[in-house]
Amino acid sequence: MKYKFCPKCGRELEMFNCWDEGEVPYCPVDNTLYFDTPRPCIVVGVVKGDEILLLKQSYIYKNSKVLISGYVDQDEYAEDTAYREVLEETGIETKNIKYLGSDFVEGKELLMITFMAEYKSGEIKKSDEVEGIGWVKIDDALAQMQEDKIGTKVVKKIIDIREK
């Protein structure tokens with residue numbers, strides 16, 4: 001979130017040179033700096049044997065499949081978001097979630113927290129926000145994810161982990 005007005009007093013913010021942080025929105029009335037606050041999201045690669053779960057969501061990428069993703073809610077751990085989003089979007093349960101790292105969506109205020117998880121139980125029941133969903137051989141997944149740069153990085157990390 002990029003602040004333009006002070007959340008406390010409503011006055012328009014001015015830019016303040018904050019040394020190593022550069023120009024930061026500032027309210028001189030409340031003497032408060034307002035740093036940009038990216039919205040945290042999770043991305044999770046769900047693995048079952050030698051397969052990974054891919055979704056088709058054209059509103060994200062027209063010609064590419066993606067991994068499961070979603071916003072971290074207020075008062076929610078990122079790991080809990082990963083379990084919740086997989087269940088909400090696919091109807092399946094996961095286990096053994098593993099943090100893989102973080103990334104960002106260039107030009108947007110999104111911090112992507114990436115995970116892998118193992119399939120635990122359940123049958124796929126796609127949510128209404130998902131056009132298509134299915135298990136794909138991990139080695140074939142990258143060819144179906146051409147537009148998804150972050151998802152591609154996650155799959156590559158999963159492949160590296162599995163080869164060790």
Side-chain angles (χ1 to χ4, degrees), residues 1-47 52-92 94 96-117 126-133 141-161:
M1 169 189 229
K2 294 191 180 288
Y3 289 94
K4 293 183 182 181
F5 297 91
C6 178
K8 293 179 184 175
C9 70
R11 289 183 175 81
E12 188 169 0
L13 298 173
E14 53 188 61
M15 297 309 286
F16 178 80
N17 187 341
C18 191
W19 308 282
D20 60 341
E21 297 297 329
E23 295 283 312
V24 177
Y26 171 72
C27 179
V29 174
D30 295 308
N31 192 30
T32 305
L33 292 165
Y34 291 98
F35 292 91
D36 295 345
T37 53
R39 181 90 193 264
C41 298
I42 61 90
V43 176
V44 58
V46 178
V47 176
I52 192 163
L53 198 56
L54 294 184
L55 298 109
K56 179 65 180 141
Q57 293 178 298
S58 294
Y59 72 92
I60 297 176
Y61 296 113
K62 184 176 177 167
N63 299 310
S64 186
K65 292 186 179 174
V66 297
L67 299 175
I68 297 157
S69 62
Y71 292 104
V72 178
D73 287 341
Q74 183 91 20
D75 300 323
E76 183 178 44
Y77 293 106
E79 295 85 352
D80 292 339
T81 303
Y83 289 118
R84 176 181 56 76
E85 284 291 337
V86 172
L87 186 61
E88 286 177 2
E89 292 186 13
T90 70
I92 64 170
T94 53
N96 300 332
I97 195 158
K98 178 181 172 74
Y99 173 73
L100 298 178
S102 64
D103 210 320
F104 62 91
V105 178
E106 192 171 327
K108 298 197 176 181
E109 298 170 358
L110 296 174
L111 172 66
M112 308 304 285
I113 305 165
T114 64
F115 298 97
M116 77 177 272
K126 74 174 189 68
S127 76
D128 291 340
E129 67 183 274
V130 176
E131 292 169 53
I133 186 169
L142 295 174
Q144 298 181 40
M145 303 174 69
Q146 307 88 344
E147 296 174 89
D148 185 1
K149 293 177 185 173
I150 295 172
T152 297
K153 290 179 191 177
V154 171
V155 172
K156 287 178 180 177
K157 286 179 182 180
I158 291 171
I159 290 169
D160 286 347
I161 289 168

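Computed from a predicted model, the values in this text were never measured in an experiment.
When all heavy atoms of C27 and L13 are compared, the closest pair comes out as CB-CD2, 3.5 Å. Shortest non-hydrogen contact noted between A78 and V72 is CA-CG2, 4.3 Å. In terms of heavy-atom proximity, G45 sits nearest to I52 at CA-CD1, 4.1 Å. Among all heavy-atom pairs drawn from A82 and I42, the shortest one is CA-CD1, 3.8 Å. Nearest approach of T81 to D73, heavy atoms of both residues: OG1-N, 4.3 Å. Closest approach of I133 to E89, counting heavy atoms only: CD1-O, 4.3 Å.
The line from CG of L55 to CD of E129 is 9.0 Å long, rounded to the nearest 0.5 Å. Separation of atoms CD1 (I158) and CG (L100) is listed at 6.0 Å; rounding is to 0.5 Å. Note: E23 CD to F16 CZ = 9.0 Å, rounded to the nearest 0.5 Å. Atom OG of S69 and atom CD1 of I150 lie 9.5 Å apart (nearest 0.5 Å). How far OG of S102 is from CD1 of I113: 7.5 Å, rounded to the nearest 0.5 Å. Taking NZ of K56 as the reference point, atom NZ of K126 lies at 13.0 Å (rounded to 0.5 Å).
Side-chain atoms of T114 come within 3.5 Å of backbone atoms of G101 as a donor-acceptor pair (strictly under, hydrogens ignored). At distances below 3.5 Å, not a single donor-acceptor pair connects side-chain atoms of E88 with backbone N or O atoms of E85. In this structure, the side chain of S64 engages the main chain of E147 through a donor-acceptor pair within 3.5 Å.
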From CA spacing to verdict: side chain to side chain contact (heavy atoms under 4.5 Å, CB included), I92, L87: CA-CA 5 Å; I92 64 170; L87 186 61; over 6 Å; no

Side chain to side chain contact (heavy atoms under 4.5 Å, CB included) between F104 and L110, worked out: CA-CA 6 Å; F104 62 91; L110 296 174; over 6 Å; no

Evaluation steps, side chain to side chain contact (heavy atoms under 4.5 Å, CB included), between V43 and I68: CA-CA 6 Å; V43 176; I68 297 157; over 6 Å; no

Test log, rule side chain to side chain contact (heavy atoms under 4.5 Å, CB included), inputs F35 and C18: CA-CA 10 Å; F35 292 91; C18 191; 4.3 Å; yes

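Between K65 and D148 there is no salt bridge, since no side-chain nitrogen of the basic residue lies less than 4.0 Å from a carboxylate oxygen of the acidic one. Taking the charged nitrogens against the carboxylate oxygens, R84 and E76 do have a contact shorter than 4.0 Å, which makes a salt bridge.
By the neighbour-count criterion of 12 heavy atoms within 6.0 Å, atom OH of Y71 is sparsely surrounded, having that number or fewer from other residues, nucleotides or ligands. When the shell of 6.0 Å around OH of Y59 is examined, it contains more than 12 heavy atoms from other residues, nucleotides or ligands. By the 6.0 Å contact criterion, NZ on K98 is open, its count of non-hydrogen atoms from other residues, nucleotides or ligands being 12 or less.
Using bins of under 30°, 30° to 60° and over 60° for the plane-to-plane angle, the ring pair F115/Y99 lands in the perpendicular bin.
In this view, I159 and I138, L142, V155, E163 satisfy the side chain to side chain contact (heavy atoms under 4.5 Å, CB included) rule, not counting sequence neighbours. Checked against ring-ring contact (aromatic ring centres under 6.0 Å, His included), Y83 has no partners two or more places apart in sequence or in another chain.
The shortest side-chain heavy-atom distance between N63 and Q146 does not fall under the 4.5 Å cut-off. No side-chain heavy atom of K149 sits less than 4.5 Å from a side-chain heavy atom of T152. Between V44 and M116, the closest side-chain pair of non-hydrogen atoms is not below 4.5 Å. In this structure the side chain of V130 reaches within 4.5 angstrom of the side chain of Q57, judged on heavy atoms.
Geometrically, R11 does not engage F5 in a cation-pi contact, judged by NZ or CZ lying under 6.0 Å from the ring centre and within 45° of the ring axis.
Inspection of the K8 and T32 side chains reveals an N or O donor paired with an N or O acceptor under 3.5 Å.
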